[in-house]
2 protein chains.
Amino acid sequence: MSGPSAPKTKRGAARREALLRAAEAVIGEQGFAASSIADITRRAETALGTFYIYFSSKEEVFRELVLEMGRLTRGGVTQAVQGASNRLEAEKAGLRAFLQFAADRPALYRIVEEARFIDPEVYRAYYDSFGKAYAAQLKRAQEKGEIGPGDPEVRAWALMGMAIKLGERFVLWEEKPDIDHVVEDAFAMIRDGLAP
Amino acid sequence: MSGPSAPKTKRGAARREALLRAAEAVIGEQGFAASSIADITRRAETALGTFYIYFSSKEEVFRELVLEMGRLTRGGVTQAVQGASNRLEAEKAGLRAFLQFAADRPALYRIVEEARFIDPEVYRAYYDSFGKAYAAQLKRAQEKGEIGPGDPEVRAWALMGMAIKLGERFVLWEEKPDIDHVVEDAFAMIRDGLAP
DNA sequence: CTGAAACATGAATCAGTATTCATGATCCAT
DNA sequence: ATGGATCATGAATACTGATTCATGTTTCAG
């Protein structure tokens with residue numbers, strides 16, 4: 001019932017980490033279904049059975065990776081947004097941080113989207129909490145008059161969707177992504193809309 | 001090499017169609033990996049082997065469903081946009097049509113997103129062509145002065161991402177989706193941006 | 001009507017791979 | 001320094017489910 005416990009030696013911790021990184025690379029490249037445990041352990045340069053010392057199943061590493069991505073994006077975006085003096089600036093900084101993250105950890109980026117089909121629970125938890133926090137920020141900014149009025153939840157999800165697809169198209173699909181250009185143009189639209 | 005050919009009798013056409021609908025329902029509900037051919041044929045009330053008379057593999061029905069979704073959204077959105085007298089109106093009508101589609105065919109909607117992981121080729125073809133057409137429309141509207149200036153491709157992908165996540169959150173995740181509300185608020189943002 | 005082409009059936013085959021486990025090496029608290 | 005706890009190994013197991021196929025049944029063009 002209770003899967004493997006946390007590693008108790010340095011070696012154990014290092015092995016677990018190596019397996020996690022290998023899983024990130026392999027699953028991010030080939031997708032969950034096409035990735036075998038053997039692929040992962042081969043990449044981590046360990047024996048097959050070692051995998052099960054640290055994870056109880058393929059689904060579990062996957063889940064762990066999604067949670068890690070949650071911590072990382074949350075942290076990265078939060079930090080990027082620190083310096084902003086108003087919500088619009090924060091939107092711009094947050095978008096840039098997110099796209100930069102996609103460029104730095106493309107595998108993790110893909111994994112989160114695949115989570116929707118592998119582990120709907122964590123996927124939903126991930127976006128629910130992110131969306132909730134995002135909406136709260138927008139509501140506050142609206143009350144302060146930093147942005148115009150409008151349903152914060154709809155806006156939060158619209159903005160998340162925007163960032164996600166932009167990352168997919170202009171970062172993951174591009175050899176040499178031009179993040180600044182995407183941020184500039186997308187932000188202009190976020191701020192002023194399409195109206196002439 | 002060349003898989004099953006088109007059905008040559010009425011019965012054959014009906015069976016193929018039944019299998020396609022069953023696959024849509026089953027895969028849309030459980031996801032590709034969790035759906036067995038047996039699940040699909042059971043739902044279609046046919047024998048297991050019958051599946052292979054019409055499709056050469058599980059991947060093939062899946063691909064067929066993605067292509068069908070392509071035809072349907074393209075058709076639906078195009079038609080909805082017909083009546084619009086300018087680009088902004090068209091955006092609103094297109095968004096509504098897309099969300100309505102998600103409400104009508106939730107399974108197909110999910111399948112397209114999963115395609116990214118099952119059959120990247122068709123997924124990419126789907127969005128590439130959709131995105132290209134979308135960007136072309138935006139470019140024309142911009143030249144006519146119906147919308148302000150800005151990179152049409154970035155905008156097209158931003159708008160697609162928006163629509164997709166809004167559909168996921170406010171249509172698929174909601175018991176009784178309030179499409180009009182989402183369209184109103186999202187459109188206001190698309191038109192005027194967040195600026196106060 | 002009729003028979004060759006199409007279609008239907010589901011048990012049997014087959015492949016891939018997740019997971020287990022018995023055995024041995026390594027670590028580190030005392 | 002040492003031995004009980006941790007960790008490493010990979011061959012063997014077990015299972016799932018995709019795909020095939022030999023045997024009937026149905027269709028429909030002529």
Side-chain angles (χ1 to χ4, degrees), chain A residues 1-27 29-65 111 114-115 117-119, chain B residues 1-65 111 114 117-119:
Chain A
M1 190 197 284
S2 64
S5 50
K8 290 174 181 154
T9 68
K10 280 184 185 174
R11 181 175 56 149
R15 274 277 196 268
R16 197 188 130 96
E17 179 63 16
L19 284 165
L20 216 40
R21 295 286 70 81
E24 174 183 342
V26 171
I27 298 179
E29 256 164 41
Q30 319 182 332
F32 184 81
S35 302
S36 67
I37 304 294
D39 289 335
I40 295 171
T41 53
R42 196 175 308 123
R43 183 121 179 184
E45 296 179 287
T46 60
L48 191 45
T50 303
F51 179 88
Y52 290 92
I53 293 173
Y54 301 103
F55 306 98
S56 63
S57 69
K58 202 168 124 182
E59 278 76 11
E60 197 189 297
V61 231
F62 187 82
R63 193 174 314 127
E64 184 100 34
L65 287 170
I111 285 169
E114 190 168 10
F117 306 101
I118 305 304
D119 191 334
Chain B
M1 189 200 288
S2 64
S5 51
K8 292 178 179 151
T9 67
K10 280 184 185 174
R11 181 174 56 148
R15 273 274 195 274
R16 198 189 130 97
E17 179 64 17
L19 284 165
L20 216 41
R21 296 286 68 84
E24 174 183 342
V26 171
I27 298 178
E29 256 163 42
Q30 319 183 332
F32 184 81
S35 301
S36 68
I37 303 294
D39 289 335
I40 295 171
T41 53
R42 198 175 306 122
R43 182 121 180 184
E45 295 179 287
T46 60
L48 190 47
T50 303
F51 179 89
Y52 290 91
I53 294 172
Y54 300 103
F55 305 98
S56 62
S57 70
K58 202 168 123 180
E59 278 76 11
E60 197 189 298
V61 230
F62 187 83
R63 193 174 315 127
E64 185 101 38
L65 288 170
I111 285 169
E114 190 168 9
F117 306 101
I118 306 303
D119 190 334

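In the text below, chain A, chain B and the rest are named by the order of the sequence lines, each starting its count at 1. The model shown is predicted, which means the values in this text are computed figures rather than measured ones.
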Inset, instruction - Could you check how far CZ of A:Arg42 sits from P of C:dA18, rounded to whole Å? - result: 11 Å
Legend entry - Exercise: identify the closest heavy-atom pair between A:Pro7 and A:Gly12: CB-C, 3.5 Å
Legend entry - Interatomic distance, B:Glu59 CD vs D:dG17 C1' [rounded to whole Å]: 13 Å
Legend entry - Shortest non-hydrogen separation from A:Lys8 to A:Ser5 and the atoms involved: NZ-OG, 4.0 Å
Inset, instruction - Kindly give the heavy-atom pair with the smallest separation between B:Phe62 and B:Glu114, and that separation in Å. - result: CZ-C, 4.0 Å
Inset, instruction - Calculate the interatomic distance between B:Phe32 atom CZ and D:dG17 atom P; express it in whole Å. - result: 13 Å
Legend entry - Minimum-distance nucleotide to A:Lys58 side chain [options: D:dT6, D:dA18, C:dA18]: C:dA18
Inset, instruction - Can you see which heavy atom on B:Lys58 is nearest to which on B:Ala33, and at what distance? - result: NZ-O, 3.7 Å
Legend entry - Side-chain heavy-atom pair B:Phe55, B:Leu20 within 4.5 angstrom cut-off: yes
Inset, instruction - Figure out the CG/C1' separation between B:Asp39 and D:dA18, and round it to whole Å. - result: 12 Å
Inset, instruction - List the protein contact pattern of nucleotides 9-16 of chain D with one symbol per nucleotide (5' to 3'): B for base contact, S for sugar-phosphate-only contact, - for none; contact means a heavy-atom distance under 4.0 Å. - result: BB------
Inset, instruction - Return the nearest nucleotide to the side chain of A:Thr9; candidates are C:dC28, C:dA8, D:dA18. - result: C:dC28
Legend entry - Distance, rounded to the nearest Å, where B:Ile40 contributes CD1 and D:dA18 contributes P: 8 Å
Inset, instruction - Assign B:Ser35 to base, sugar-phosphate, or nothing according to its heavy-atom contacts below 4.0 angstrom with the strands shown. - result: sugar-phosphate
Legend entry - For the student: nearest non-hydrogen atoms of B:Tyr52 and B:Ser57, plus distance: CE2-CA, 4.3 Å
Inset, instruction - Would you check, one step at a time, whether the test salt bridge (Lys or Arg N to Asp or Glu O under 4.0 Å) holds for A:Glu60 with A:Arg63? - result: CA-CA 5 Å; A:Glu60 197 189 297; A:Arg63 193 174 314 127; 5.2 Å; no
Inset, instruction - Could you tell me whether the phosphate oxygens of D:dC21, OP1 or OP2, come under 4.0 Å of any side-chain nitrogen or oxygen in B:Tyr52? - result: no
Inset, instruction - Report the distance from atom CD of B:Gln30 to atom C1' of D:dG17, rounded to the nearest whole Å. - result: 13 Å
Could you go through nucleotides 23-26 of chain D and list every protein N or O atom that sits under 3.5 Å from one of its N or O atoms, giving the distance for each pair?
none

Inset, instruction - Identify, with sequence neighbours excluded, every residue that meets side chain to side chain contact (heavy atoms under 4.5 Å, CB included) alongside B:Arg43. - result: B:Ala22, B:Ala25, B:Val26, B:Glu29
Inset, instruction - Mind listing the closest non-hydrogen atom pair of A:Leu19 and A:Ala44 along with its distance? - result: CD2-CB, 3.8 Å
Legend entry - Sugar-phosphate only, base, or nothing, as touched by B:Phe55 at under 4.0 Å among non-hydrogen atoms: nothing
